[in-house]
Engineer: 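Submitted below is the structure of interest, expressed as C-alpha cells.
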Amino acid sequence: MLIQGFGRGLAMLAMALVVMMTVVDVAEARRAGGGFGSRGTRTFSTPSTTRTAPTGAQPIDRTMTRQQPAQPSAGRNATATNPRPGLFGGLGGSLLGGLMLGGLVGMLLGHGLGGGIGFLGLILQVLLIAGVFLFLRRMFAQRGAPAYAGGADARSQYRDGGSDFEIPRIGGSRQAAPQAKPGDEIGIGQADLDRFETMLKELQAAYAAEDFRTLRQITTPEAMSYLAEEIGDNATQGLRNEVRDIHLVQGDVAEAWREGTDDYATVAMRYESIDVMRDRSTGRVVSGDPDNLTEAVEIWTFVRRNGGEWKVSAIQGVEAA
C-alpha cells in the first residue's frame with residue numbers, strides 16, 4: 001500500500017510538471033511579442049510598412065481574436081494565419097499522451113512499471129520526451145513565423161510607395177488629403193487623420209491620469225482591458241507612468257479596409273513626449289527623462305463600427321531597425 005500510494009503521488013507530480021512546462025512555454029511566447037488588441041481578420045498579419053515605420057510592426061501577442069485562415073483580398077498576398085498543429089496537438093501529443101496515460105493507468109491500478117522505483121524511470125522518460133517536443137515545437141514555430149521586419153517583400157512595397165497619408169507636424173501647414181492609394185480601401189480623409197492625432201493625445205493623457213472613463217470612451221472593450229491591466233500592474237509595483245507634452249512628428253496610413261459594417265485603419269505614428277515612470281508615493285523618477293522629449297514610433301489601429309466614432313482597437317510597437 002505504501003509503494004502504491006507513493007506511485008500515485010509520483011503520477012500526480014509528473015502530470016503537474018508536464019502542465020507547468022507547457023504553461024511556461026506559452027508565457028515565454030507572450031512576452032516575446034509587442035502588441036495588444038485586435039485588427040479584425042488582419043490581427044495576425046503584418047501591416048504594410050510606411051515612411052513613418054519602414055521596419056514594420058511587432059506581432060500582436062495579446063488578443064481575444066481567434067486565428068483563422070486569412071481571406072484573399074485584391075492587391076494583398078493572402079497569408080494563412082491559422083497556425084499549423086503543434087507537436088503537442090498532433091502526432092507528438094498523441095505519443096506523449098499515450099505514454100502518460102498507459103504508464104499512469106498501469107501505476108494507479110498497481111500493474112507493472114516496477115512499482116514506485118520503476119515509475120521514477122517513467123518520470124525521467126516523460127520529462128525527456130517533453131523537453132524534446134518543446135524544443136522541436138519552438139524550432140518549427142520559428143521556421144513558420146513571418147518575417148515582420150526587413151523582409152524583401154516589405155522593402156519592395158515600401159520603395160513602391162504604398163499608402164502614405166501624411167499627418168503634418170503640429171503647427172505646420174496642412175495639405176488636402178490625396179485620393180485613396182493602394183492599401184486604403186475605404187478612403188481615409190484629413191478629418192479622420194485629425195481625429196487619429198487627437199486620440200493619440202487623449203489616450204496618452206488618460207493613461208497617465210489613470211482616467212478609466214475616458215479610456216472606455218475612446219477604446220474598444222478589449223483594448224481597454226489590456227490598458228487597465230497595465231495600469232494595474234504599475235500600481236501593484238508602486239509605480240505611475242507620467243506621459244505629457246505629446247507632439248506628433250509624422251504619421252501615415254499603413255492600410256485601411258472594411259469588414260462588414262466595420263471600418264479599420266492602421267496608422268503608423270512617430271511622436272515626441274515626456275515619458276517617465278515615477279514612484280507612486282514619493283514621486284521619485286524611477287526611469288525616463290523628465291526634462292527632455294523622447295521619440296517613439298507605434299502602430300495604432302482604429303475601428304469604426306456601423307458608421308459610429310473611431311475607437312482605438314490595437315497598439316503595436318515596431319521592429320528594431
Engineer: Does a side-chain heavy-atom distance below 4.5 Å link Trp310 with Met199?
Structural biologist: yes

Engineer: Salt bridge between Asp263 and Arg305, side-chain N to carboxylate O under 4.0 Å?
Structural biologist: no

Engineer: How close do Val303 and Ser313 get, heavy atom to heavy atom, and via which atoms?
Structural biologist: CG1-CB, 3.8 Å

Engineer: For the pair Asn241 (side chain) and Val276 (backbone), establish whether a donor and an acceptor sit closer than 3.5 Å, ignoring hydrogens and angles.
Structural biologist: yes

Engineer: Is a side-chain donor or acceptor of Asn306 paired with a backbone partner of Gly308 at a separation under 3.5 angstrom?
Structural biologist: no

Engineer: Working to the nearest 0.5 angstrom, can you tell me the gap between Gln204 CD and Ile274 CD1?
Structural biologist: 12.5 Å

Engineer: Within the structure provided, determine whether Phe36 and Asp61 are in side-chain contact (heavy-atom separation under 4.5 Å).
Structural biologist: no

Engineer: If you measure only the distance, is there a donor-acceptor pair under 3.5 Å linking the side chains of Asp194 and Gln190?
Structural biologist: yes

Engineer: Go through Leu248 and Leu200 one step at a time and tell me if the side-chain contact (heavy atoms from CB on, under 4.5 Å) criterion holds.
Structural biologist: CA-CA 9 Å; Leu248 181 65; Leu200 166 70; 4.0 Å; yes

Engineer: Looking only at heavy atoms, what is the nearest atom pair of Arg280 and Asn234, with distance?
Structural biologist: CD-O, 4.4 Å

Engineer: What residues, two or more places apart in sequence or in another chain, satisfy side-chain hydrogen bond (donor to acceptor under 3.5 Å, both in side chains) together with Glu309?
Structural biologist: none

Engineer: If we count only N and O atoms by modelled type, under 3.5 Å, do the side chains of Thr282 and Asp279 hold a donor and an acceptor together?
Structural biologist: yes

Engineer: Please confirm whether the backbone N or O of Gly189 pairs with a side-chain atom of Asp192, one donor and one acceptor, at under 3.5 Å?
Structural biologist: yes

Engineer: Would the distance check show the side chain of Ser45 and the main-chain N or O of Arg42 forming a donor-acceptor pair, the cut-off being under 3.5 Å?
Structural biologist: yes

Engineer: Partners of Ala208 by side chain to side chain contact (heavy atoms under 4.5 Å, CB included), sequence neighbours excluded?
Structural biologist: Val243

Engineer: Shortest non-hydrogen contact from Val285 to Pro290?
Structural biologist: CG2-CG, 4.1 Å

Engineer: Indicate, with yes or no, if Ile299 and Tyr207 share a hydrophobic cluster defined by side-chain heavy-atom contacts under 4.5 Å among Ile, Leu, Val, Met, Phe, Trp and Tyr.
Structural biologist: no

Engineer: In the structure I gave you, are the side-chain heavy atoms of Ile188 and Phe196 within less than 4.5 Å of one another anywhere?
Structural biologist: yes

Engineer: Salt bridge check, Arg39 against Glu255: does any charged N sit closer than 4.0 Å to a carboxylate O?
Structural biologist: yes

Engineer: Indicate the ring-plane relationship of Tyr264 and Trp257, choosing parallel, tilted or perpendicular according to the 30° and 60° boundaries.
Structural biologist: parallel

Engineer: So if you build clusters from Ile, Leu, Val, Met, Phe, Trp, Tyr with side-chain heavy-atom gaps below 4.5 Å, do Met277 and Ile246 land together?
Structural biologist: no

Engineer: Is there a donor-acceptor pair under 3.5 Å between the side chain of Thr294 and the backbone N or O of Ser273?
Structural biologist: yes

Engineer: Which heavy atom of Thr301 sits nearest to which heavy atom of Ser38, and what is that distance?
Structural biologist: CG2-O, 4.3 Å

Engineer: Can you list every side-chain hydrogen bond (donor to acceptor under 3.5 Å, both in side chains) pair that touches residues 215-227, not counting sequence neighbours?
Structural biologist: Thr63-Glu222

Engineer: Can Glu202 and Lys311 be counted as an ion pair, charged N to O under 4.0 angstrom?
Structural biologist: no

Engineer: Hey, are the side chains of Leu193 and Val253 touching, using non-hydrogen atoms and a 4.5 Å cut-off?
Structural biologist: yes

Engineer: How close do Ala254 and Ser48 get, heavy atom to heavy atom, and via which atoms?
Structural biologist: CB-O, 3.4 Å

Engineer: Quick one: are Val297 and Met269 in side-chain contact, heavy atoms under 4.5 Å?
Structural biologist: no

Engineer: Do the side chains of Gln316 and Pro59 get nearer than 4.5 Å, heavy atoms only?
Structural biologist: no

Engineer: Roughly how far, to the nearest 0.5 Å, is the OG1 atom of Thr46 from the CD1 atom of Ile60?
Structural biologist: 10.0 Å

Engineer: Just verifying a value: how many Å separate Glu295 CD and Gln250 CD, rounded to the nearest 0.5 Å?
Structural biologist: 9.0 Å

Engineer: Between the side chains of Glu298 and Tyr271, does any donor sit under 3.5 Å from an acceptor?
Structural biologist: yes

Engineer: When you compare the side chain of Thr49 with that of Thr55, does any pair of heavy atoms fall below 4.5 Å?
Structural biologist: no

Engineer: Determine the minimum heavy-atom distance between Thr65 and Gly40, stating which atoms define it.
Structural biologist: CG2-O, 3.9 Å

Engineer: Would you please test Val312 and Trp300 for side-chain contact (heavy atoms from CB on, under 4.5 Å) and show each step?
Structural biologist: CA-CA 7 Å; Val312 178; Trp300 288 39; 4.0 Å; yes

Engineer: As an exercise, state the distance from CG of Asp275 to CG of Asp245, rounded to the nearest 0.5 Å.
Structural biologist: 11.5 Å

Engineer: Side-chain contact, heavy-atom cut-off 4.5 Å: Ile231 with Phe212?
Structural biologist: yes

Engineer: Measuring from atom CD1 of Ile315 to atom CD of Gln58, what distance do you get when rounded to the nearest 0.5 angstrom?
Structural biologist: 13.0 Å

Engineer: Quick one: CG on Asp252 to CZ on Arg270, what's the gap to the nearest 0.5 Å?
Structural biologist: 9.0 Å

Engineer: Any carboxylate oxygen within less than 4.0 angstrom of a Lys/Arg side-chain nitrogen, looking at Arg240 and Glu210?
Structural biologist: yes

